[in-house]
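Given the structure is predicted, the values throughout are model-derived calculations rather than measurements. Naming: A, B, ... by sequence-line order, numbering from 1 per chain.
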Amino acid sequence: MFKNKFVQQRIEKVELLKKKGYNPYSNDSKRNTTISKYLKVNADVEHKENKRDEHRHYTVGGRIKLLRIMGKASFVNIEDESGTLQVYIARDNLPEGFYNNIFKKNIEVGDIVEITGYPFVTGKGELSLHASEFKLLTKSISPLPEKFHGITDKEIRYRKRYLDLIMNKEVRNTFKIRSRVISLTRHFFEEKGFLEVETPMMHPIAGGANAKPFVTHHNALGVDRYLRIAPELYLKRLIVGGFEAVFEINRNFRNEGMDATHNPEFTSIEFYWAYKTYKDLIEITKEYFQYLFEHLDLPTILPYGDMEVDFSDFKEIPLAESLTTIGGVPKDIINDREKIVAYLKEHDVDVNEKLNLGLLQGELFDEFVEEKLINPTFITEYPVELSPLARRSDENPELTERFELFIAGREIANAFSELNDPVDQLSRFEGQMDAKESGDDEAHEMDQDFVEALSYGMAPTAGQGIGIDRLVMLLTNEHSIRDVLLFPAMKPLSTEEITKD
RNA sequence: GUCUUGUUAGCUCAGCUGGUAGAGCACGUCACUUUUAAUGAUGUGGCCGAUGGUUCGAAUCCAUCACAGGACACCA
């Protein structure tokens with residue numbers, strides 16, 4: 001640690017400052033304004049005589065991002081969370097000896113400083129601060145990355161996110177938007193009368209989705225626990241208990257592959273709404289998007305990569321219909337297992353021939369339709385085999401009252417009228433057990449306690465999950481989930497590399 | 001998990017078919033009181049991701065490993 005020669009050099013400066021009786025980690029900040037406020041409040045200075053106002057005094061703080069020393073005067077650009085400010089520092093405006101002995105010798109890019117002075121506009125027309133006091137608050141002993149190119153190495157950016165945030169303004173902005181999205185989501189549902197709840201993250205049975213869980217062990221109880229793959233079954237127990245509108249915004253954990261759209265822990269909102277159906281969910285989803293766009297002040301047409309997504313154009317189409325009209329699959333094969341298998345093989349798709357009709361239709365959808373759904377599209381009427389927790393359609397019991405929302409070729413939300421028939425739910429779980437035995441290791445787990453909860457009666461309810469990470473990707477035009485997660489999952493470095501570091 | 005590309009100074013990157021390791025920024029020293037990626041001069045800085053192999057000679061060719069990016073597979 002701290003072997004690097006540049007770090008050594010800076011540590012020496014710290015020692016030197018201490019010897020001179022100057023605290024390099026001072027704790028008595030007198031900051032009385034932020035940079036953006038300073039710039040706003042003093043915008044009128046350029047109309048004043050000599051373009052300055054020596055009667056005003058401000059103390060700002062921030063990190064030095066650029067430093068230009070020109071003999072007896074210098075320009076320093078400092079940055080706080082709100083913005084960047086240029087500061088003019090002249091030898092003769094500071095206490096005797098400070099400029100030459102402290103400032104020029106011991107202050108560097110990366111240091112966090114505090115400066116008091118008055119506003120003025122430079123010859124080149126930039127509103128700046130004319131320093132009369134200068135204080136080092138925190139010495140930075142590791143040098144910052146290059147001032148112009150910043151830091152581009154993705155590995156360093158993810159492993160040392162703080163450096164990424166220091167150097168890349170757009171990154172800070174992305175995470176501000178993420179925070180806004182979560183806050184707005186919370187407000188939207190609260191305003192609709194939903195109650196925010198917290199359900200367990202450690203489950204005795206990993207239920208509510210098809211996914212491999214992380215396993216951990218509870219010592220006191222002597223039992224294994226699973227990090228939750230979805231909160232669904234607990235939220236529905238709350239509906240049984242009499243809460244009529246609940247939501248939870250939190251992490252789910254899935255022990256599966258990682259790629260541009262999958263991180264082992266990810267954030268979703270799930271909400272459940274009693275006395276409503278999936279049709280109501282379509283309406284509230286449209287409203288939710290409208291609310292987000294309004295409050296984030298986004299245009300209704302957003303670029304995403306080389307696509308353009310029109311968020312004023314929500315479409316609704318049943319899955320079977322989408323196979324033919326969007327996927328171009330011949331109409332006469334979509335209800336025939338053998339013909340689907342043949343068709344998939346014809347198109348070089350590896351297919352498990354044992355799959356039932358519903359699952360095969362799902363294959364067709366994944367292969368030929370999904371990526372073509374650019375503008376927001378609700379795909380409805382999923383086969384019952386694909387939806388073990390969804391209510392059957394009254395008109396056609398082979399279908400469920402369900403939709404998935406696709407945007408920019410990607411699934412953003414999943415929703416359905418909830419299955420509340422306990423006997424049907426039990427037999428669906430049993431069906432999943434069979435699927436598990438015949439090799440589908442991601443089939444749902446049996447949850448008898450949940451079935452028992454349903455047996456007391458759950459009001460007709462509609463529920464929905466929205467992937468927050470993917471939603472933020474969409475809104476910020478980011479194409480890797482790692483770019484919307486502050487600390488994405490990374491493999492640990494070897495101990496050798498860590499000690500070297 | 002498979003394929004593929006990458007890993008060279010604190011950072012951003014050159015380094016071709018093997019022949020003593022380069023630039024810019026940063027840092028040190030000097031000059032400079034309105035610059036803004038300041039400028040000019042000058043200097044320091046490297047186990048070329050790790051380990052083996054081929055070769056008189058390897059940053060460069062080969063193999064294995066580690067980590068990362070991308071694609072695919074898996075995955076609501």
Side-chain angles (χ1 to χ4, degrees), chain A residues 3-10 12-13 51-52 65-77 84-93 99 104-105 108-110 120-126 128 130 140-160 163 166-167 208-212 229-230 232 252 254-264 266 268 349-350 362 365-366 370 379 382 386-387 389 402-406 410-416 441-442 465-467 470 479-480 482 488 490-498 500-501:
Chain A
K3 294 248 171 63
N4 179 283
K5 55 192 174 292
F6 297 106
V7 177
Q8 279 300 322
Q9 241 172 48
R10 285 174 171 233
E12 278 167 30
K13 289 184 183 186
K51 300 197 171 192
R52 63 190 58 214
K65 297 298 286 286
L66 290 171
L67 187 54
R68 298 180 288 285
I69 297 180
M70 304 165 303
K72 298 178 189 65
S74 301
F75 284 94
V76 180
N77 289 40
T84 318
L85 174 67
Q86 173 172 273
V87 178
Y88 178 71
I89 295 170
R91 185 190 66 184
D92 299 340
N93 295 314
Y99 183 83
K104 269 170 80 174
K105 291 223 165 72
E108 294 157 289
V109 170
F120 80 113
V121 174
T122 64
K124 296 276 162 66
E126 181 170 345
S128 308
H130 204 289
S140 161
I141 60 169
S142 283
L144 288 184
E146 210 249 1
K147 63 185 171 189
F148 186 59
H149 298 94
I151 191 163
T152 58
D153 185 307
K154 291 222 166 179
E155 184 171 356
I156 304 177
R157 289 185 45 214
Y158 297 147
R159 286 194 197 276
K160 304 185 179 178
L163 271 186
I166 290 171
M167 299 309 295
N210 312 346
K212 291 186 195 115
I229 55 174
E232 171 153 357
N252 295 316
R254 298 189 183 177
N255 204 345
E256 288 166 348
M258 293 160 61
D259 62 22
T261 55
H262 295 84
N263 193 68
F266 63 98
S268 70
V349 181
D350 269 339
F365 179 82
D366 291 347
E370 183 167 0
I379 296 291
Y382 278 69
L386 284 174
S387 321
L389 301 166
R402 172 183 180 189
F403 72 76
E404 289 193 338
L405 172 61
F406 290 87
R410 221 175 259 159
E411 186 202 334
I412 295 293
N414 178 26
F416 37 84
D441 58 356
E442 264 124 29
I466 301 172
R470 292 183 186 179
H479 294 257
S480 169
R482 294 179 207 102
M490 301 287 277
K491 271 205 190 181
L493 296 169
S494 71
T495 49
E496 188 188 330
E497 277 168 291
I498 291 166
K500 207 170 74 185
D501 205 38

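For B:U2 and B:A73, the C1' atoms lie 8 Å apart once the distance is rounded to whole Å.
Within the nucleic acid shown, A:M490 comes within 4.0 Å of sugar-phosphate atoms alone, with no base atom in reach, counting heavy atoms only.
For A:F120, the ring-ring contact (aromatic ring centres under 6.0 Å, His included) partners are A:Y88, A:H130, not counting sequence neighbours. For A:R410, the side-chain contact (heavy atoms from CB on, under 4.5 Å) partners at least two apart in sequence or on another chain are A:T261, A:Y304, A:R470, A:M473. Listed by chain and residue number, nothing satisfies the salt bridge (charged side-chain N to carboxylate O under 4.0 Å, His left out) test with A:R254 (two or more places apart in sequence, or in another chain).
Nucleotide B:C11 is matched to B:G24 when pairs are restricted to Watson-Crick or G-U wobble geometry with both distances under 3.5 angstrom.
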Distances for protein N/O vs nucleotides 35-37 of chain B N/O pairs under 3.5 angstrom?
unit_1, atom_1, unit_2, atom_2, d
B:U35, OP2, A:K124, NZ, 2.4
B:U35, O2', A:R68, NE, 3.4
B:U35, O2, A:R68, NE, 2.7
B:U35, O2, A:R68, NH2, 2.8
B:U35, O2, A:Q86, OE1, 3.4
B:U35, N3, A:Q86, OE1, 2.9
B:U35, N3, A:Q86, NE2, 3.0
B:U35, O4, A:Q86, NE2, 2.7
B:U35, O4, A:T122, OG1, 2.9
B:U36, O4', A:R68, NE, 3.1
B:U36, O2, A:Q86, OE1, 3.0
B:U36, O2, A:E126, OE1, 2.9
B:U36, N3, A:E126, OE1, 2.8

Distances for protein N or O near nucleotides 40-46 of chain B N or O, under 3.5 Å:
unit_1, atom_1, unit_2, atom_2, d
B:G45, O2', A:K5, NZ, 2.2

Provide a list of protein-nucleic acid N or O atom pairs under 3.5 angstrom, restricted to nucleotides 70-73 of chain B.
unit_1, atom_1, unit_2, atom_2, d
B:G70, OP2, A:R482, NH1, 3.0

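Here B:C27 presents its C1' atom at 12 Å from CD1 of A:I69, a figure rounded to the nearest Å. If you measure from atom CZ of A:R159 to atom P of B:C67, you get 9 Å, rounded to the nearest angstrom. Here the C1' atom of nucleotide B:U12 and the CG atom of A:L144 are 14 Å apart, to the nearest Å. Rounded to whole Å, the distance from CG on A:D153 to P on B:G49 is 14 Å. In this structure, A:R157 atom CZ and B:A68 atom C1' are separated by 13 Å, rounded to whole Å.
Side-chain proximity of A:E108 to the nucleotides B:G28, B:C11, B:C67 is greatest for B:G28. Among the nucleotides B:U33, B:U12, B:C11, the one closest to the side chain of A:P145 is B:C11.
In this structure, the side chains of A:R68 and A:N77 come closer than 4.5 Å at one or more pairs of heavy atoms. Within the 4.5 Å cutoff, side-chain heavy atoms of A:M258 are placed close to those of A:P264.
The structure places CD1 of A:I151 at 11.0 Å from CD of A:E146, a figure rounded to the nearest 0.5 Å.
Remark: the A:S268 side chain and the A:N252 side chain contain an N/O donor-acceptor pair separated by less than 3.5 Å.
A:A413 and A:I466 get closest at one heavy-atom pair: CB-CG1, 3.8 Å.
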